[in-house]
Amino acid sequence: MSLLAVTDLSIDYAQLGGATRAVTSASFSMGTGSSIGLVGESGSGKTTLALSLLGLLPANGRVASGEIHYADESVSQYSETQWRRLRWTKAALVFQGGMNALNPVRRIVDQIVEPMLVHGTETTKQAATQRAIELLARVGIPASRARDFPHEYSGGMRQRAGIAMALACKPQLLIADEPATAIDVVVQAQIIRLLAELRESLGLALLIITHDLGVVAQLCDDVIVMYASEIVESASVRGIFHNPKHPYTKQLLESVPRFSGMRGVGAGISGQPPSLTNPPTGCRFHPRCPSVFSPCATEHPPASRLADKHVVACHLYGHD
Amino acid sequence: MTTVVLSQPPGPVTGEQTPAVERGTLARLARRRMVQIGVGGLGLFVVLAIAGQLLTVNGIATGSTAASIFNPPSLQHFMGTDELGRDVLTELSAGALVSLIVGIAATAIAVVVGTLVGLLAGFFRGWLEVVLMRFTDAMLTVPSLPLIIVLAAVVGQGLGQIVLVIGLTSWAGMARLIRSEVLSLRERAFVLRARSVGVPPLRIMRVHLLPQILPLVIANTVLISAAAILAEATLSFLGLGDITRPSWGLMLNNAFKSGAAGRGAFWYVLPPGLCIAILVLSLSFIGHAINEELSPRRQRQ
Amino acid sequence: MTTASRISSRIGQTVLTLFIVVTFNFWLFRLLPGNFTQLLSRAGALDPAAVASLKQSFGLDKSPVEQYVLYIKNLVTFNWGTSYVSHQPVFQMVFQALVNTIVLITVAYILTVIIGVALGVFAGRRAGRLADSVTVTTSLALWSVPTFWLGLVLVFIFSVWFVGLPVSGMTTYAATYSTPFDQVVDIGLHLILPTITLVISSIAQYTLIMRNSLVTVLDEDYVTTARAKGLSSRRVLWRHAVPNALLPTFTLTWLNIGIFLSTTLQVEVVFSWPGLGSLIFQSVNQRDYPVLEVSFLTIAVVVIAANLLNDLLYPLLDPRIARR
């Protein structure tokens with residue numbers, strides 16, 4: 001039984017002059033303690049997908065079709081109250097860089113204590129405070145800094161505090177949106193080590209949303225690649241890094257600067273990410289694709305399963 | 001560790017001179033309901049002011065007899081008569097002219113002074129900025145109405161003096177705004193480039209800075225004119241305006257002093273205030289809409 | 001910047017602003033070219049004693065610098081001269097008027113801020129919806145209505161249609177009170193209409209600022225965090241969004257005292273409330289310059305003090321500034 005299962009999920013944003021589809025028919029599932037990297041350029045729909053998992057879509061966003069299951073329970077008909085009970089207890093969010101994820105006028109410790117008391121995972125203020133201080137210690141923040149305000153922390157400390165806060169109600173799933181962006185490289189490495197260590201010791205499942213393949217390589221078992229609201233390829237980390245299939249995935253990997261090997265500078269991806277209001281016909285990647293051929297511009301590529309975990313949506317593989 | 005950052009969608013190329021107002025802004029503004037209502041209201045008073053000058057049907061003074069004063073609206077006097085038997089509608093149209101004149105002239109003074117002070121302080125920095133901004137802050141701090149009253153009492157009560165007083169007390173907010181905008185603009189690439197190749201300061205201000213701050217100036221011009229019209233009306237109501245010209249504020253002053261309210265002469269008490277409110281509201285609608293259109297939040301979407 | 005140096009720099013700025021205002025005042029009433037004699041003649045028929053005391057207190061025979069020094073000395077020693085009209089000490093008149101103004105604005109100001117903020121929250125959390133645009137439009141409309149006219153209309157309504165509430169003055173004319181409580185009730189009744197006028201005229205700015213501020217805050221990541229924590233929408237709003245949105249509004253409440261006093265001046269004139277505004281109005285019309293000058297300075301000083309108070313109190317609310 002999976003911890004989280006997403007089936008055929010599509011999400012629309014209402015806009016002047018019609019809806020924009022931000023996520024198109026996404027399916028994936030996560031088991032206890034698993035770790036998936038959701039990779040794509042900004043605007044590919046990955047953050048929208050993450051927010052929908054907690055029922056946090058903005059007012060103009062809505063799930064157009066598909067299902068989200070936590071364990072065996074479908075959340076499609078959830079009321080706001082039911083969502084509230086689910087949030088932070090089943091899955092918690094860690095925001096990008098922690099910069100604005102913490103309320104600037106409230107003390108760190110109070111912000112960690114709050115969800116425990118609201119969800120009743122701790123009954124007294126003292127017990128909750130005690131646990132908050134333990135959590136902060138767990139992520140490497142001394143008790144003496146617990147009563148600080150967010151602006152008194154460095155970027156790395158804010159990110160750690162964000163992680164400690166996410167652990168408050170013992171969720172089984174941590175959704176991290178760009179957990180290692182906007183902080184310097186050394187701190188980035190520390191945060192990644194911390195997440196890996198927490199996953200190991202607490203049996204946490206991690207859903208890492210990022211455009212940084214390096215983070216994925218270090219933290220995840222599996223990778224989902226999104227392009228223009230669609231999942232174009234999903235595979236194990238090994239599969240993606242050693243045997244990428246989709247031309248987009250290949251280009252992503254080629255844009256990685258390597259320390260060893262022949263190429264010194266990444267090739268990058270030519271062209272602009274497509275607009276979601278008016279996406280290209282056929283395969284959405286075809287205007288930027290080096291291997292484009294006859295069906296690409298007109299037919300939408302079907303997903304084909306190449307190996308046990310390796311699925312790709314590309315005309316190069318669809319017709320065997 | 002390999003750190004990979006995928007290509008991000010290109011943001012605006014910072015430092016380049018981008019047009020401050022994209023094309024289509026005007027068209028989008030024109031589609032806004034608030035702008036349509038605002039321009040409509042403004043047009044109404046322009047027509048009223050012009051019509052009043054062209055055809056003065058029922059002359060202002062018709063001699064006051066007991067029978068001719070405080071007449072309710074009738075076919076002869078569409079909006080009734082006042083405490084001296086004058087036609088209220090005729091007075092209203094004369095008042096529209098005064099309000100528009102003061103609105104335009106005082107605002108022009110305030111905008112020129114405010115923009116100049118803001119530009120100079122923001123561009124040259126140093127002691128000039130310190131002196132100008134200290135003075136601006138003092139102007140912003142002192143409550144405007146008492147200041148206007150004291151100035152008007154000292155300078156005198158002609159229409160020209162009133163315009164001058166209101167104009168010279170309304171520029172400080174504008175100066176602040178322009179200065180902070182110029183402070184950020186002067187570090188942008190196109191200004192730095194112009195400065196490094198020795199373009200004279202006045203030319204940089206005229207060619208590079210002024211076009212960039214223009215939208216900000218325009219939005220605030222509209223709002224300043226609204227406040228200027230209110231200030232003139234208030235001053236006239238207090239009896240400190242030009243008492244030789246019928247203005248909306250003066251009409252209300254006469255109504256107040258003659259006890260029109262107590263006598264139930266609603267046709268005399270209500271219209272001047274409604275005229276002020278509608279004219280000021282029309283202008284603030286337009287200003288509000290321009291501000292919304294220019295706000296960064298709107299541009300992000 | 002440390003707290004101590006920040007405070008001392010703010011006090012320095014305040015003193016500078018005071019200096020500018022006082023100097024401006026001095027220059028305006030004395031050194032405006034050719035204007036002083038004009039003022040004297042426009043002051044009309046003064047009795048010779050008043051003219052003499054005027055000339056002496058202004059030190060007209062002395063140099064401008066000496067006049068200025070004398071002026072400052074008189075100001076700080078509360079030696080503010082006597083009224084041309086009532087021959088009372090200016091200090092006494094201005095002080096009494098200031099007290100009356102404070103009585104009028106205290107309740108009105110608190111009401112204005114509370115209702116304005118509440119309406120701002122109401123509109124801000126419904127941004128883009130009908131309730132929001134109705135609130136914004138109404139606020140702009142209220143801002144556009146001239147205060148003095150709103151007062152006139154209220155006088156009209158309550159002297160023609162609903163006779164009963166007092167529409168003029170601070171107490172009933174020639175009333176005698178059996179207990180001090182009766183006097184308080186009488187003043188309270190006289191406060192009702194001026195207060196309503198003040199609140200309606202001033203509310204819009206607070207509503208609009210609070211609304212815009214809340215709309216910005218609701219877009220912040222920490223609000224999404226709060227929602228993601230499973231907090232109720234009420235708790236997200238009042239515990240996380242509103243406290244942050246209140247910060248700019250708090251600053252406005254102090255900085256806007258000047259605008260509020262301008263509004264109060266009109267209300268005092270319309271309702272004949274014997275405060276500073278009425279005093280300024282009367283002294284202008286009667287060319288009672290010593291009174292005019294000091295009343296104006298008093299209002300300016302009150303506003304400058306409010307600004308200083310804002311800068312000193314703000315850090316207590318915003319932790320980002322407190323420890324910087």
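Only heavy atoms go into these numbers, but all of them, side chains included; no hydrogens, no water, no symmetry mates. Only a predicted model underlies this, so the values are computations on that prediction, with no experimental measurement involved. Chain identifiers are assigned alphabetically (A, B, ...) following the order of the sequence lines, protein sequences preceding nucleic acid strands; residue numbering begins at 1 within each chain.
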What's the verdict on side chain to side chain contact (heavy atoms under 4.5 Å, CB included) for B:Ile276 and C:Trp149, showing C-alpha distance, side-chain angles and the deciding distance?
-> CA-CA 9 Å; B:Ile276 299 168; C:Trp149 178 69; 5.8 Å; no
Between C:Phe156 and B:Leu270, does a side chain to side chain contact (heavy atoms under 4.5 Å, CB included) hold up when you go through it step by step?
-> CA-CA 10 Å; C:Phe156 180 91; B:Leu270 295 185; 5.8 Å; no
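Residues of residues 277-285 of chain B that come within less than 4.5 angstrom of chain C, heavy atom to heavy atom, are B:Ala277, B:Val280, B:Leu281, B:Ser284, B:Phe285 in numerical order. The contact list for residues 132-151 of chain B toward chain C, using heavy atoms and a distance under 4.5 Å, reads B:Arg134, B:Phe135, B:Ala138, B:Thr141, B:Val142, B:Pro143, B:Ser144, B:Leu145, B:Pro146, B:Leu147, B:Ile149, B:Val150, B:Leu151 by residue number.
Atom CG of B:Leu128 is surrounded by more than 12 heavy atoms from other residues, nucleotides or ligands within 6.0 Å. Within 6.0 Å of CZ in B:Arg245 there are 12 or fewer heavy atoms belonging to other residues, nucleotides or ligands.
The residue among C:Val284, C:Val21, C:Leu261 with the most heavy atom pairs within less than 4.5 Å of chain B is C:Val284. The choice from B:Ala233, B:Gly273, B:Gly239 that makes the most heavy-atom pairs within less than 4.5 Å of chain C is B:Gly273. Considering only heavy-atom pairs separated by less than 4.5 Å from chain B, the leading option among C:Ser295, C:Ser262, C:Gly258, C:Gly277 is C:Ser262. Per-residue counts of heavy-atom pairs under 4.5 Å with chain B were compared for C:Ile299, C:Val145, C:Leu140, C:Asn285; the largest is that of C:Leu140. Contact tally against chain B (heavy-atom pairs below 4.5 Å) for C:Ser144, C:Ala300, C:Ala306: the top residue is C:Ser144.
Residue C:Phe24 touches chain B through its side chain alone, counting heavy-atom pairs closer than 4.5 Å. Contact of C:Val270 with chain B is made through backbone and side chain together, with heavy-atom distances under 4.5 Å. Heavy atoms of C:Leu16 lying under 4.5 Å from chain B belong exclusively to its side chain.
Summarising the geometry of B:Phe237 relative to C:Leu152, their closest heavy-atom pair is CE1-CD1, 4.0 Å, with the distance given to 0.1 Å. Nearest heavy atom pair, residue B:Ala153 against residue C:Leu292, reads CB-CD2, 4.4 Å.
Put simply, the side chain of B:Leu238 reaches to within 4.5 Å of the side chain of C:Leu265, judged on heavy atoms.
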